[in-house]
There are 2 protein chains.
Amino acid sequence: MARRVKTPPQPKSNLDARKATILEAVVVEHVDTAQPVGSSSVAQNADLVVSPATVRTEMVALEREGYLAQPHTSAGRVPTDKGYRYFVDHLEAGVLGPAQQRQIKEFFAHVRGEVEDVLEQTSLLLSHLTSYTSVVVGSGHSHATVLSVQLVNLDARHHLLVTVFSDGTVTKHSVLASFEADHVEVSEASRQLNALLIGTTLEAKVQVPSRGDTIAKLVREAVSLLHAEMPTMEGEQVYIGGSAKVADVFEGVETVRKVLGILEQELLVVSLVEDILDKGVTVAIGSEHGFEPLSSCAVIVAPVSLDGETIGAVGLLGPTRMKYQEVMAAAEAVSKHLTTHFGGENERA
Amino acid sequence: MARRVKTPPQPKSNLDARKATILEAVVVEHVDTAQPVGSSSVAQNADLVVSPATVRTEMVALEREGYLAQPHTSAGRVPTDKGYRYFVDHLEAGVLGPAQQRQIKEFFAHVRGEVEDVLEQTSLLLSHLTSYTSVVVGSGHSHATVLSVQLVNLDARHHLLVTVFSDGTVTKHSVLASFEADHVEVSEASRQLNALLIGTTLEAKVQVPSRGDTIAKLVREAVSLLHAEMPTMEGEQVYIGGSAKVADVFEGVETVRKVLGILEQELLVVSLVEDILDKGVTVAIGSEHGFEPLSSCAVIVAPVSLDGETIGAVGLLGPTRMKYQEVMAAAEAVSKHLTTHFGGENERA
DNA sequence: TGTTAGCACTCGATTTTACCGAGTGCTAAC
DNA sequence: GTTAGCACTCGGTAAAATCGAGTGCTAACA
């Protein structure tokens, strides 16, 4: 039962100033200590000038309204998902520490290489920066156009279809033909494929030759292979950085196992991140993403765009008890840098 | 201090039959129960017809010789690395369960797609089969020959060098030129590159044009990019399956964290596997691989070859307390299947 | 009416103690 | 060389005792 997150922020979450302060104090302390927070530490800590007793009264109210929970009688309070949600919704944009800022600048000043490499490195950066597990997603090339297609023959029946797209990605497909084709025929097929496909996107229909000769058959085979890729997630790239952090950050072997298991299924991770992005949200807390096995996790995402188009995302996965401000700032900073990195690179207008 | 593993098996490991039986019983039971093993259970269990007291005497000897250890006085015995080593050295080849055999057959009968996909799937198979973490390594294409080179231009200064090798791998390299080049020049460079490189390996030196024109510069740039790849591990492929199993199989969060951290550094994993392969060994137990952070692990490897050449390996990583027989059988079976899978595919002689 | 001090009470966490028993090493008899 | 017998060790578990952080409630207070 996923809690729906609407674009208008905090539909009815209106807490008076003091309750808000108390909630915030509880979140901050609990994130820091991982322990239930008692009334007295809140009373001292925050810039409230009230007694613990008053705080207690407020806490009872906050609990009734679902922002806090009590692990058991006579323990302190712990934020609920709803409590965290209020907290992040009312978080003013965090600033990154100077050391981290420098680290990011440094990184993007020196990083080079293929897009794939950059994304992979970025995922490591993010994970180092935040000490949570990071996910970097590069969207598939659904509206990239074909720059070049080439059919290379390995032997009489095996060929390799290599396609270059305008976004710089390269795909390969094995073509296993039921008939033999020689070098000349393959070259000709290659030429025809180029003529046919260059400039098109994979979504576009193309007119394939219906003749029955070897060349036409090769062409048809190749085109269908390429287009078969579309409906699947193929072409999506996922880079997961710091999965070892899972063991640090979650307590309980069971949780660790579950989260690691999820991370292994990269398709799942991609769709999770994209779901969250689609909702227009940057943070999904606990059950909000509607993905039960990760109900003790929070996921923070930030889109990476190019020409107004979302071409990927960076994400961070940690426990709901997470340093939201820092992590959100890091995700945002990195996604911005990535955006300009690719933007600057592709100045081919 | 890595224990050297020489080709001549068990240099001085000669235990009389009874000691061997006892050691074996201890290993088997401890692998099964994860508990120290006492003299009485050994006396009952094994087909020894001696009393616990006798077993105890033998155990004292085995401990003195370094095959067994005692967690503390008045606990049972636990095998040492040396104990496990003796055990696996004297293991007759295990047979796979019929269910597993079927699973493997099934898998290789139905698997298709690119080599990379097959290897990745295989790593999942292995991990399912054994419930340990698996590592599948594909060697780089160091002696594959170039089948095709193509330079595709993205814009005036950005080009993409796409190379197809005889082993079916495809690489891409961004070429960022300091000068502009038009479509025609790039095509010509592409043509020349083909003439120059087709049929060569990346190890071979080629005669690049020394002229100063755009085309020659492009060609030189491309060739140097390709050759720069060689010394690094690039081209190595690693597929790790079931890293979540780490959390099941090792006790202690600390160990889990450490092992996961290692697994993240894929280069490390590759070199570990290749080290073990180089030693001509199939099992590295505990400190044998000389890699301290994995001192509580055993690694089982099996090479995958093609035409007598080792083209990759499958590996399994678990605790030293591991089901060696089963796992070795699985690794061997899968590596055999992989070998014939690729062997059968590439019948282009 | 909202705030606070006071207080009895709860209940998980920690420490203490007691105890059990699996397993050992040794010795003496077979 | 093997075995039964036996005293001894020591980790693991369970029961008991204790502690104290934190609560909810009530009554007094501003």
Side-chain angles (χ1 to χ4, degrees), chain A residues 14-23 25-80 83 251-252 321, chain B residues 14-23 25-80 83 251-252 321:
Chain A
N14 277 321
L15 299 178
D16 63 67
R18 196 168 64 188
K19 282 205 182 61
T21 315
I22 291 175
L23 175 54
V26 171
V27 170
V28 169
E29 185 171 334
H30 180 254
V31 164
D32 193 45
T33 64
Q35 299 295 326
V37 180
S39 56
S40 54
S41 53
V42 170
Q44 287 182 346
N45 181 322
D47 33 19
L48 288 166
V49 277
V50 288
S51 72
T54 314
V55 172
R56 277 203 292 279
T57 328
E58 297 286 50
M59 278 174 142
V60 172
L62 281 168
E63 183 170 2
R64 196 176 42 238
E65 295 170 47
Y67 294 96
L68 294 179
Q70 225 174 351
H72 57 86
T73 344
S74 92
R77 299 308 206 292
V78 158
T80 60
E251 54 260 33
R321 184 181 81 72
Chain B
N14 276 320
L15 298 178
D16 63 67
R18 198 168 64 186
K19 283 205 181 62
T21 315
I22 291 174
L23 175 55
V26 171
V27 170
V28 169
E29 185 170 336
H30 180 254
V31 164
D32 193 47
T33 64
Q35 299 295 326
V37 180
S39 56
S40 55
S41 53
V42 171
Q44 288 183 344
N45 181 321
D47 31 21
L48 288 166
V49 277
V50 289
S51 73
T54 313
V55 173
R56 277 203 291 278
T57 329
E58 296 286 51
M59 279 174 143
V60 172
L62 282 168
E63 182 170 2
R64 197 176 40 236
E65 295 170 47
Y67 295 96
L68 293 179
Q70 225 175 351
H72 56 85
T73 345
S74 90
R77 298 309 204 292
V78 158
T80 61
E251 54 260 34
R321 184 181 81 71

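FYI, side chains are in, hydrogens and waters are out, and symmetry mates aren't considered; it's all heavy atoms of this structure. Lettering follows sequence order; numbering is per chain, from 1.
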Original post:
Using a cut-off of less than 4.0 Å, is there contact between a side-chain N or O of Arg56(A) and OP1 or OP2 of dT26(D)?
Top reply: no
Original post:
Using a cut-off of 4.0 Å on non-hydrogen atoms, how would the nucleic acid contact of Val42(B) be classed: base, sugar-phosphate, or nothing?
Top reply: nothing
**OP:** Of all the heavy-atom pairs spanning Ser41(A) and Gly38(A), show the shortest one and how long it is.
**Re:** OG-O, 3.1 Å
Original post:
Counting only side-chain N and O atoms of Thr54(A), is one of them less than 4.0 Å from OP1 or OP2 of dT4(C)?
Top reply: yes
**OP:** Could you check which of dG11(D), dG24(D), dT24(C) has an atom nearest any side-chain atom of Met59(B)?
**Re:** dT24(C)
Subject >> Distance-only side-chain donor-acceptor flag, Ser51(A) / Thr54(A), under 3.5 Å >> reply: yes
**OP:** Quickly work out the Glu29(B) CD to dG23(C) C1' distance and round it to whole Å.
**Re:** 13 Å
**OP:** Take atom CD of Gln35(A) and atom C1' of dG20(D), then tell me their distance rounded to the nearest Å.
**Re:** 14 Å
Original post:
Does Arg18(B) or Glu63(A) map to a spot on DNA chain D nearer the 5' end, using the closest nucleotide for each?
Top reply: Arg18(B)
Subject >> Nearest listed nucleotide, side chain of Val50(B), among dT3(D), dT23(D), dT4(C) >> reply: dT3(D)
Original post:
OP1 or OP2 of dG1(D) less than 4.0 angstrom from a side-chain nitrogen or oxygen of Thr57(B), does that happen here?
Top reply: no
Original post:
Does Ser51(A) place a side-chain N or O at less than 4.0 Å from the phosphate oxygens OP1/OP2 of dT3(C)?
Top reply: no
Original post:
Can you check whether Gly66(B)'s main-chain N or O pairs, donor with acceptor, with Thr80(B)'s side chain at less than 3.5 Å?
Top reply: yes
**OP:** Round to the nearest Å and state the distance from Glu58(B) atom CD to dT2(D) atom P.
**Re:** 7 Å
Original post:
Once you round it to whole Å, what is the distance between C1' of dA21(D) and NE2 of His30(A)?
Top reply: 15 Å
**OP:** Provide the Watson-Crick or G-U wobble partner of dC11(C), both distances under 3.5 Å; none if there is no partner.
**Re:** dG20(D)
**OP:** Return no unless some side-chain N or O of Arg77(A) is found under 4.0 Å from OP1 or OP2 of dT23(D).
**Re:** yes
Original post:
Looking at dT9(D), does its base get a donor-acceptor pair with the side chain of Thr73(B) below 3.5 Å?
Top reply: no
**OP:** Give the nucleotide from the list dG23(C), dG25(C), dC11(C) with an atom nearest to the side chain of Ser74(B).
**Re:** dG23(C)
Subject >> Between dT24(C) (C1') and Leu68(B) (CG): distance, integer Å >> reply: 14 Å
**OP:** Report yes or no: does Arg321(A) contribute a side-chain atom to a donor-acceptor pair with the main-chain N or O of Val31(A) at less than 3.5 Å?
**Re:** yes
Subject >> Whole-Å gap separating P (dG25(C)) and CG (Leu62(B)) >> reply: 12 Å
Original post:
When the distance from CD1 of Ile22(A) to P of dT3(C) is rounded to whole Å, what number comes out?
Top reply: 10 Å
Subject >> Phosphate OP1/OP2 of dT23(D) contacted by Ser39(A) side-chain N/O (<4.0 Å) >> reply: yes
Subject >> Closest approach of Gln70(A) to Gly76(A) (non-hydrogen atoms, all atoms of both residues) >> reply: CG-O, 3.6 Å
**OP:** Could you tell me which nucleotide pairs with dA29(C) by Watson-Crick or G-U wobble geometry, both distances under 3.5 Å, or answer none if nothing does?
**Re:** dT2(D)
Original post:
Counting only Watson-Crick or G-U wobble pairs whose two distances fall under 3.5 Å, which nucleotide matches dC19(C)?
Top reply: dG12(D)
Original post:
Pick one: which of Leu48(A), Val42(A), Val26(A) meets side chain to side chain contact (heavy atoms under 4.5 Å, CB included) with Thr21(A)?
Top reply: Leu48(A)
Original post:
Could you give the NE2-to-C1' distance, from His72(B) to dC10(D), as a whole number of Å?
Top reply: 7 Å
